[in-house]
Amino acid sequence: MHEIYQKVFGVGKAIKGLDGLRAICVLFVLTDHAGLTKRSESGTLAVWVFFALSGFLIVPILFRARQRIEAGSSDASTEIVLFMRNRALRIFPVYYLTLALIFLSTVTVVAGDNVDKFYGSISWLLTYTTNIYIGFVRHDWLGPLSHLWTLSVEQQFYVLFPLLFIWLPSRFWRSSLLIFLVLLLAVSSLWVFGDELMFRVNSLSGFYAIAVGGVFGLVARQLGTVNLRFSGLAILALGVLLVLQHLYFIFGGHPNAALIIAPLLSGLLILLVTVCQNSSATQFLELPLIRGVGVVSYGFYLFHGLLLGPSGRLVAIATGMRDGTVFQIMQIVTAFILTMVVSIASFVFFEEKIMQMKKRRAAPTTVAAGSNG
């Protein structure tokens with residue numbers, strides 16, 4: 001048990017605070033899907049923070065790959081294969097495990113409309129195109145499967161972005177990313193801005209949010225660690241501003257505006273947390289319980305949809321309640337505990353063992369100095 005605790009709640013990662021942000025985001029998603037914060041769409045805000053965080057971390061990885069190519073120590077094809085392999089090892093196994101568990105539940109204990117939704121969308125779920133199915137084919141959400149659309153957008157970005165940018169000289173990356181994200185937002189807005197669902201789930205909107213995070217990631221890489229007075233208060237204030245602007249546009253009837261601004265504020269928030277590693281806000285995000293939820297947040301995000309329904313039924317059996325705020329809170333607490341247990345087990349006994357394969361880096365192909373690969 002001590003070893004499991006150390007793996008999940010023990011020593012933090014190189015960049016402090018980011019797992020804490022992930023933890024807050026998955027809790028926003030959980031409370032939204034349980035109905036407690038559904039009107040405020042806290043889950044939507046969390047998804048856009050996740051997109052920005054993905055870009056913040058992934059784009060610098062590819063940037064370093066491009067620098068290795070320019071230094072002559074690797075080539076483009078090797079770096080693309082390594083990147084795709086590492087992303088696949090992190091994302092695919094537990095994702096397809098989740099789909100397998102859903103399938104088993106449909107042939108054993110689950111019946112009704114959700115089963116039809118699963119079988120009607122199975123080809124889209126398997127090919128990471130669920131966002132296209134939801135927005136442009138079904139024109140509606142998929143119940144407890146709806147949240148899987150975000151993973152489709154991220155995976156599409158992971159496939160397309162390296163193919164576009166790995167050939168670009170590193171000195172042009174930041175300016176090109178800025179142009180890229182403006183074009184993505186412009187095309188998405190001109191195309192489907194008038195349709196809330198289509199604007200939210202189409203790939204270009206998600207790519208915009210990820211690209212914004214990528215720009216901030218490159219800036220953070222250049223800045224390094226910065227000592228700012230009152231950085232903890234600045235991070236807190238920015239986080240509050242992020243939430244307030246979201247609520248303002250959601251309740252004001254302009255949800256798409258919230259989706260445009262959220263990545264910008266999220267990227268700046270992530271940047272401050274990253275460069276101000278000694279701030280009080282970062283120390284709070286590094287509290288073991290908060291950080292631990294973030295460590296297993298990918299599994300938590302995947303599994304919570306499977307466990308919310310059973311959690312509600314357990315609460316109903318135990319208390320006789322079936323709705324209301326108290327019921328929702330008890331359902332959330334129950335679902336949180338069950339999802340954490342499953343997510344920790346998945347992380348320690350399944351995900352982490354597969355991720356060990358990422359350390360087996362293939363020997364890069366040596367090319368002539370000065371070659372672009």
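When reading the values below, keep in mind they use all heavy atoms of this one structure, side chains included, and skip hydrogens, waters and symmetry mates.
- Phe284 and Leu233 fall into different hydrophobic clusters, where Ile, Leu, Val, Met, Phe, Trp and Tyr side chains are chained together by heavy-atom contacts under 4.5 Å.
- Note on Val315 and Val341: separate hydrophobic clusters, where clusters join Ile, Leu, Val, Met, Phe, Trp and Tyr whose side-chain heavy atoms are under 4.5 Å apart, directly or indirectly.
- Within the model, atoms CG of Leu97 and OH of Tyr95 stand 12.5 Å from one another, a figure rounded to the nearest 0.5 Å.
- The nearest pair of heavy atoms linking Ala209 to Pro263 is CB-CG, 3.6 Å.
- Under a hydrophobic-cluster definition in which Ile, Leu, Val, Met, Phe, Trp and Tyr are linked whenever side-chain heavy atoms come within less than 4.5 Å, directly or via other members, Val81 and Ile354 are assigned to different clusters.
- Taking Ile, Leu, Val, Met, Phe, Trp and Tyr as members and joining any whose side-chain heavy atoms lie under 4.5 Å apart, directly or through other members, Ile250 forms no hydrophobic cluster with any other residue.
- Going from atom CG of Asn131 over to atom CD of Gln156 covers 4.5 Å, rounded to the nearest 0.5 Å.
- Counted within 6.0 Å of NE2 on His139, heavy atoms from surrounding residues, nucleotides or ligands total more than 12; the atom is thus considered enclosed.
- A continuous path of hydrophobic side-chain contacts links Met198 to Val201 [ILVMFWY only; heavy atoms under 4.5 Å].
- Annotation: salt bridge (Lys or Arg N to Asp or Glu O under 4.0 Å) contacts involving residues 20-32, sequence neighbours excluded, comprise Asp19-Arg22.
- Among residues two or more places apart in sequence or in another chain, the side chain to side chain contact (heavy atoms under 4.5 Å, CB included) test is passed with Ala262 by Leu45, Trp48, Leu242, Gln245.
- No more than 12 heavy atoms of other residues, nucleotides or ligands shown are found within 6.0 angstrom of OH on Tyr248.
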Item to complete: Please lay out, stage by stage, how Lys117 and Arg138 fare under the test side-chain contact (heavy atoms from CB on, under 4.5 Å).
Response: CA-CA 10 Å; Lys117 290 176 181 176; Arg138 179 179 170 84; 3.4 Å; yes
Discussion item. Before you tell me yes or no, could you show the steps for Ile270 and Leu57 under side-chain contact (heavy atoms from CB on, under 4.5 Å), namely the whole-Å CA-CA distance, both residues' side-chain angles and the distance that decides it to 0.1 Å?
Written reply: CA-CA 10 Å; Ile270 297 163; Leu57 295 172; over 6 Å; no
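- Tyr158 carries Arg87 over the face of its six-membered ring, with the cationic atom under 6.0 Å from the centre and within 45° of the normal.
- A 4.5 Å side-chain heavy-atom check between Phe83 and Ile58 finds at least one atom pair inside the cut-off.
- Residues satisfying the ring-ring contact (aromatic ring centres under 6.0 Å, His included) criterion with Phe336, sequence neighbours excluded, are Phe300.
- Side-chain atoms of Thr127 and Thr129 form a donor-acceptor pair, as typed in the model, at a separation below 3.5 Å.
- The line from CG of Leu204 to CG of Leu190 is 11.0 Å long, rounded to the nearest 0.5 Å.
- Not a single donor-acceptor pair under 3.5 Å links the side chain of Arg221 to the backbone N or O of Gly224.
- A heavy-atom distance below 4.5 Å is not found between the side chains of Phe165 and Phe63.
- No side-chain heavy atom of Leu185 sits under 4.5 Å from any side-chain heavy atom of Phe180.
- Nearest heavy atoms, Trp149 versus Ser146: CD1-O, 2.8 Å.
- Nearest approach of Gly17 to Val273, heavy atoms of both residues: CA-CG1, 3.9 Å.
- Atoms CG and CG, on Leu302 and Leu151 in that order, are 5.5 Å from each other to the nearest 0.5 Å.
- Within the 4.5 Å cutoff, side-chain heavy atoms of Val219 are placed close to those of Leu223.
- With sequence neighbours excluded, no residue satisfies ring-ring contact (aromatic ring centres under 6.0 Å, His included) with Tyr298.
- Two residues are said to be in side-chain contact when any heavy atoms from C-beta on lie closer than 4.5 Å; Val212 and Phe56 fail this criterion.
- Under the 4.5 Å side-chain heavy-atom criterion for ILVMFWY residues, no single connected hydrophobic cluster contains both Leu338 and Ile317.
- Here ring pair (Phe, Tyr, Trp, His ring centres under 6.0 Å) pairs that include residues 186-236, with residues two or more places apart or in two chains, are Phe136-Trp191, Phe157-Phe207, Phe193-Phe199.
- Summarising the geometry of Thr37 relative to Ser42, their closest heavy-atom pair is OG1-OG, 2.6 Å, with the distance given to 0.1 Å.
- Minimum heavy-atom separation, Ser346 to Val94: OG-CG2, 3.6 Å.
- A donor atom on one side chain and an acceptor atom on the other are found under 3.5 Å apart for Ser205 and Ser188.
- For the atom pair Ser280 OG and Ile235 CD1, the distance stands at 7.5 Å (nearest 0.5 Å).
- Side chains of Gln277 and Thr225: a donor-acceptor N/O pair is absent below 3.5 angstrom, by distance only.
- Taking 4.5 Å as the limit, every side-chain heavy atom of Val159 sits out of range of all side-chain heavy atoms of Tyr128.
- Checking side-chain atoms of Ser121 against main-chain N and O of Phe118 turns up a donor-acceptor pair under 3.5 Å.
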Worksheet item: Where do Glu154 and Ser54 land on the side-chain hydrogen bond (donor to acceptor under 3.5 Å, both in side chains) test, with the steps shown first?
Response: CA-CA 8 Å; Glu154 290 200 12; Ser54 293; 3.0 Å; yes
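- Using modelled atom types, one side-chain atom of Ser279 and one backbone atom of Cys276 make a donor-acceptor pair closer than 3.5 Å.
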Side-chain polar contacts of residues 325-335 - donor-acceptor pairs under 3.5 angstrom, sequence neighbours left out - could you list them?
residue: Gln331; atom: NE2; partner: Leu308; partner atom: O; Å: 2.9
residue: Thr334; atom: OG1; partner: Met330; partner atom: O; Å: 2.8

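- Listed for the Ser176 side chain is no donor-acceptor partner under 3.5 Å among the backbone atoms of Trp173.
- Sorted by first and then second residue, the salt bridge (Lys or Arg N to Asp or Glu O under 4.0 Å) pairs with a member in residues 192-202 read Glu41-Arg200, Glu196-Arg200; sequence neighbours excluded.
- The CG atom of Leu271 lies 12.0 Å from the OG atom of Ser266; values are rounded to the nearest 0.5 Å.
- Between Leu181 and Ile210 the shortest side-chain heavy-atom distance does not fall below 4.5 Å.
- Under the rule for a ring-ring contact (aromatic ring centres under 6.0 Å, His included), Phe249 has no partner lying at least two apart in sequence or in another chain.
- In this structure a side-chain-to-backbone donor-acceptor pair under 3.5 Å is missing from Thr282 to Asn278.
- With a 6.0 Å radius and a threshold of 12 heavy atoms from other residues, nucleotides or ligands, Asp140 has its CG atom above the threshold.
- Partners of Glu351 by salt bridge (Lys or Arg N to Asp or Glu O under 4.0 Å), not counting sequence neighbours, listed by chain and number: Arg90.
- Screening residues 299-312 for side chain to side chain donor-acceptor pair (under 3.5 Å), with sequence neighbours left out, gives His33-His304, Thr150-Tyr301.
- Looking only at side-chain heavy atoms (C-beta outward), Phe28 and Thr44 stay at 4.5 Å or farther from each other.
- Under the rule for a side chain to side chain contact (heavy atoms under 4.5 Å, CB included), the partners of Val348 that lie at least two apart in sequence or sit in another chain are Ile4, Lys7, Val8, Ile344.
- Ile166 and Ala65 make their closest contact through CD1-CB, 4.1 Å (heavy atoms, listed as atom of the first residue, atom of the second, distance).
- Ring-plane geometry between Phe103 and Tyr119 is classed as perpendicular, the angle between the planes exceeding 60 degrees on a 0 to 90 degree scale with a lower cut at 30.
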